[in-house]
Amino acid sequence: MLTNAEAECSVSDYVLEALDAVLSGAQVLAVPLRSGGRKKQLVGGGGGGDFCWLTQEDLVRYFLNSISLFSHVAGRSVSSLGLVRADDLLTVQPHEAALSAVPLLRRAIATETAVAVVDDDGHLVGEISPALLASCGETAAAAIATLSVADLMAYIDYFGSPPEHILRAIKAGLKSKGLDAMLELVENETVSSFSFSSSSSSDDETHGRAAKLRRPSSGSYGRRSTEEPVVCSPASSLVAVMMQALAHRASYLWVLDEDDDSRLAGIVTFVDVLRVFREQLQ
């Protein structure tokens, strides 16, 4: 534990207030850039002046930059610190209907994590990220309503512009369920994407460039939007997990079994990491 003097010198009251707010469930804090006195409340936006956003990632980065003050825990494994949570994992299997993942996605949004996709033996084969799913546009709802979990992962991988066989599966599923309005939306979206592709190709040829279709907000067409899930071992040190998560801009890491390096054993989140530092500052 840090002494009171060390804590007062190294961590401001504002950081502690923000840390407590995050550990109480806040995901993003609005922080006034100018204040006439000590703030009574970090969360919320009332009053004038400029604000900045403070996230869990910002706090983790702050403590990583101050890690020398916590050297007695920095090198300890996440397992020995009790950070690996296995009892409340959000998991689905590839063959399940994507609709079955909806309640889990709601929980994942609340915890800033994702839904793990595991096979019959508990091996991690992928994940469904609410953030990436949201970037797929209006047709994401149609994909969830009709596809399996495995096909939904493929749909996400292509930024909501999947291969033709997945698109046919979505349309067939919507037709069989009588979801005509949603089917019309998907067909209109397909036509719009085709028109955008044709226009982009024409412009590229006019300017002597190779045609390269890009969706407006998600990246290049057909490029995989997801990487392999970010994972660690129960033996990974606290500082290693922090660095790995920040490097991948991930707020959580899946923990794989030490004896079977593809079997899912648990999860470590930013909140778990931040709780360690708060306990050290008691």
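For this chain, numbers begin at 1 and follow the sequence in order. Side-chain atoms are counted along with the backbone in the values below, which use heavy atoms only and exclude waters and symmetry mates.
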Donor-acceptor pair, side chain of [X] and main chain of [Y], under 3.5 angstrom:
| X | Y | answer |
| --- | --- | --- |
| Tyr155 | Ala140 | yes |
| Asp58 | Thr55 | yes |
| Asn65 | Tyr62 | no |
| Gln27 | Ala110 | yes |

Hydrophobic cluster identity match, [X] and [Y], side-chain contacts under 4.5 Å:
| X | Y | answer |
| --- | --- | --- |
| Leu89 | Met153 | no |
| Ile109 | Val102 | no |
| Val271 | Val255 | yes |
| Val118 | Leu99 | no |
| Ile166 | Leu179 | yes |

To the nearest 0.5 Å, tell me how far [X] [atom1] sits from [Y] [atom2].
| X | Y | atom1 | atom2 | answer |
| --- | --- | --- | --- | --- |
| Leu256 | Arg263 | CG | CZ | 11.0 Å |
| Leu274 | Glu57 | CG | CD | 11.0 Å |
| His248 | Leu246 | NE2 | CG | 11.0 Å |
| Leu152 | Asp157 | CG | CG | 9.5 Å |
| Ile144 | Cys136 | CD1 | SG | 9.0 Å |
| Leu183 | Lys175 | CG | NZ | 8.0 Å |

Salt-bridged, [X] to [Y], with N to O below 4.0 Å?
| X | Y | result |
| --- | --- | --- |
| Arg275 | Glu279 | no |
| Glu187 | Lys171 | no |
| Asp20 | Arg278 | yes |

If I compare all heavy atoms of [X] with all of [Y], which pair ends up nearest, and what's the gap?
| X | Y | value |
| --- | --- | --- |
| Ala265 | Ala86 | O-CB, 3.1 Å |
| Val241 | Ser236 | CG2-CB, 3.8 Å |
| Ile170 | Ala142 | CG2-CB, 3.9 Å |
| Val231 | Gln244 | O-NE2, 2.6 Å |
| Ala108 | Pro130 | CB-CG, 3.8 Å |
| Asp119 | Pro94 | CA-CD, 4.4 Å |

Legend entry - Pair Phe51 and Trp53, ring centroids less than 6.0 Å apart: no
Inset, instruction - Begin with the C-alpha distance, continue with both residues' side-chain angles, and end with the deciding distance and a verdict on side-chain contact (heavy atoms from CB on, under 4.5 Å) for Leu104 and Val92. - result: CA-CA 9 Å; Leu104 301 180; Val92 291; 3.5 Å; yes
Inset, instruction - Ignoring hydrogens and angles, state whether a donor on the side chain of Asp260 or His123 is under 3.5 Å from an acceptor on the partner side chain. - result: yes
Inset, instruction - May I have all residue pairs that pass ring-ring contact (aromatic ring centres under 6.0 Å, His included) and include part of residues 257-282, sequence neighbours excluded? - result: Phe63-Phe277, Phe70-Phe277
Inset, instruction - Go through the steps to decide whether Asp120 and His95 satisfy the test side-chain contact (heavy atoms from CB on, under 4.5 Å), and finish with yes or no. - result: CA-CA 10 Å; Asp120 292 335; His95 63 268; 4.1 Å; yes
Inset, instruction - Sorted by first residue and then second, give each salt bridge (Lys or Arg N to Asp or Glu O under 4.0 Å) pair with at least one member in residues 86-104; sequence neighbours left out. - result: Arg85-Asp88
Inset, instruction - Decide side-chain contact (heavy atoms from CB on, under 4.5 Å) for Thr113 and Ile267; before the verdict, give the C-alpha distance in whole Å, the side-chain angles of both, and the deciding distance to 0.1 Å. - result: CA-CA 9 Å; Thr113 58; Ile267 189 173; 4.0 Å; yes
Inset, instruction - List the steps and the verdict of side-chain contact (heavy atoms from CB on, under 4.5 Å) for Leu238 and Leu83. - result: CA-CA 9 Å; Leu238 175 65; Leu83 302 187; 3.9 Å; yes
